[in-house]
2 protein chains.
Amino acid sequence: MIRISKLTDYALVIMAYIGRDPERLAQTSDIALNTHIAKPTTAKLLKRLAKRGLLESQRGSTGGYKLTKGPSEISAIEIIESIEGPLAIMDCTLGSNHCAIFNSCTINAPWVQINNTIVAALQTIKLSDLHAKPIAVTQEMRHD
Amino acid sequence: MIRISKLTDYALVIMAYIGRDPERLAQTSDIALNTHIAKPTTAKLLKRLAKRGLLESQRGSTGGYKLTKGPSEISAIEIIESIEGPLAIMDCTLGSNHCAIFNSCTINAPWVQINNTIVAALQTIKLSDLHAKPIAVTQEMRHD
DNA sequence: AAAATTGGTACTAACTTAGTCCCCAATCTT
DNA sequence: AAGATTGGGGACTAAGTTAGTACCAATTTT
């Protein structure tokens with residue numbers, strides 16, 4: 001399938017949530033609570049986003065995460081690629097030796113061009129475009 | 001990953017091969033031999049392509065497959081969707097109740113629009129664009 | 001020093017995909 | 001009419017990927 005994975009979807013939700021209040025240091029528990037994503041999963045994704053430089057973190061008892069750039073400066077493709085790696089609809093888009101039947105392959109398709117089109121489309125979506133919907137429910141779930 | 005599956009990749013190679021000689025009735029063994037795709041896999045894909053109407057089949061000892069339309073009338077998206085189903089980068093692109101956190105989702109992204117952009121890009125690629133590369137090796141493999 | 005928080009890694013389970021095989025139906029050749 | 005060849009359909013197995021969890025180390029505040 002040509003599909004964005006669940007984890008990446010979650011990452012977008014998490015980033016959108018943090019982006020609502022860019023100056024605040026949001027903690028894992030708070031983010032998990034309000035996005036309704038399981039806490040371990042939330043923590044895992046936050047670590048990855050921080051490692052890739054999309055979030056800056058602070059340790060310690062009053063620690064948390066915040067954006068490194070403004071919500072209008074972060075595009076969907078950055079978030080997607082920070083979780084999934086480079087976007088490549090076909091193996092051969094990545095380079096020569098990723099395709100199993102490379103030597104015998106008889107097709108000559110403009111995959112690279114198509115790939116670029118998709119990337120470009122995803123670049124136009126900024127984090128600031130993603131938080132239009134109000135949060136449905138807050139502070140109702142248990143703290144596990 | 002946002003990626004076209006191997007089987008779909010094979011399907012494109014197979015269609016491109018058949019499209020080289022649109023009037024000829026190509027047989028599974030011949031296709032498998034020249035595309036270097038395992039015969040059972042080739043057969044499986046040919047059945048699906050025929051079922052979706054991209055190929056017409058003839059049974060019997062001189063049977064085989066051929067295109068139902070000209071190579072310039074078949075686009076990459078048709079082949080992709082005939083193997084993978086409707087292209088949907090996010091679950092919510094398919095409709096309301098495909099997303100696990102639908103009720104609590106706080107993002108409002110133009111996924112449908114992005115999806116349409118990708119589909120449009122893949123529609124511009126016709127089967128006739130795919131067979132530019134010469135066949136590397138013919139008639140060298142064993143017949144298993 | 002204690003409590004709270006992030007950082008990193010390893011591990012398990014579930015799901016999806018890839019690939020194979022078998023038997024049936026249809027058609028052609030002899 | 002019989003036999004050979006080909007496609008049709010489905011079931012099954014194995015492998016790989018993804019999702020999710022848990023644990024312990026490092027850091028900071030109080």
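Computed from a predicted model, the values in this text were never measured in an experiment. FYI, side chains are in, hydrogens and waters are out, and symmetry mates aren't considered; it's all heavy atoms of this structure. Chain naming here is simple, since letters A, B, ... match the order of the sequence lines and numbering starts at 1 in each.
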**OP:** May I have the distance from B:Leu46 (atom CG) to D:dG8 (atom P), rounded to whole angstrom?
**Re:** 9 Å
**OP:** Would you mind checking if B:Lys69 and B:Glu56 are paired as a salt bridge, meaning a charged N to carboxylate O distance below 4.0 Å?
**Re:** no
**OP:** Would you kindly give the NZ-to-P distance between A:Lys39 and C:dG7, to the nearest whole Å?
**Re:** 14 Å
**OP:** Give a yes/no on whether any side-chain N or O of B:Ser5 is located under 4.0 angstrom from OP1 or OP2 of C:dA18.
**Re:** yes
**OP:** Round to a whole Å and report the spacing from CG of B:Asp30 to C1' of D:dT5.
**Re:** 15 Å
**OP:** Verify the contact: side-chain N or O of A:Tyr10 to OP1 or OP2 of D:dA19, cut-off strictly under 4.0 Å; return yes or no.
**Re:** no
**OP:** Rounded off to whole Å, could you give me the CG-to-P distance for the B:Leu55 and D:dT6 pair?
**Re:** 17 Å
Subject >> Distance, rounded to the nearest Å, where B:Ile37 contributes CD1 and C:dT20 contributes C1' >> reply: 15 Å
Original post:
In terms of the nearest nucleotide of DNA chain D, which residue is placed more toward the 5' end: B:Lys51 or A:Gln58?
Top reply: B:Lys51
Subject >> Contacts of type side chain to side chain donor-acceptor pair (under 3.5 Å), residue A:Thr62, not counting sequence neighbours >> reply: none
**OP:** Calculate the interatomic distance between A:Glu56 atom CD and D:dT27 atom P; express it in whole Å.
**Re:** 18 Å
Original post:
When you measure from the side chain of A:Ser57, which nucleotide among D:dG8, C:dG7, D:dG20 comes out closest?
Top reply: C:dG7
Original post:
Counting N and O atoms only, with roles assigned by atom type, does the side chain of A:Glu81 sit under 3.5 Å from a partner on the main chain of A:Leu87, one being a donor and the other an acceptor?
Top reply: yes
**OP:** Please determine if B:Lys126 and B:Glu73 form a salt bridge, counting it only when a charged side-chain N lies under 4.0 Å from a carboxylate O.
**Re:** no
Original post:
In whole angstrom, what separates A:Arg3's CZ from C:dC15's P?
Top reply: 16 Å
**OP:** Kindly point out which of C:dT29, C:dA18, D:dG20 is positioned nearest to the side chain of B:Thr62?
**Re:** C:dT29
Original post:
For the pair made of CG in B:Leu25 and P in D:dG7, what is the distance, rounded to whole Å?
Top reply: 8 Å
**OP:** Please check the phosphate of D:dG8 (OP1 and OP2 only) for any side-chain N or O of B:Tyr65 closer than 4.0 Å.
**Re:** yes
Could you go through nucleotides 21-26 of chain C and list every protein N or O atom that sits under 3.5 Å from one of its N or O atoms, giving the distance for each pair?
| unit_1 | atom_1 | unit_2 | atom_2 | d |
| --- | --- | --- | --- | --- |
| C:dA26 | O4' | B:Arg59 | NH1 | 2.8 |

**OP:** Just call it for A:Ser29: base, sugar-phosphate, or nothing, with non-hydrogen atoms closer than 4.0 Å on any strand.
**Re:** nothing
Subject >> Residue list, side chain to side chain donor-acceptor pair (under 3.5 Å) with B:Arg24, at least two apart or on another chain >> reply: B:Asp30
Original post:
Donor-acceptor pair, B:Ser57 side chain versus B:Tyr65 backbone, under 3.5 Å?
Top reply: no
Original post:
Cut-off 3.5 Å, side chains only: do B:Lys39 and B:Thr28 have a donor facing an acceptor?
Top reply: no
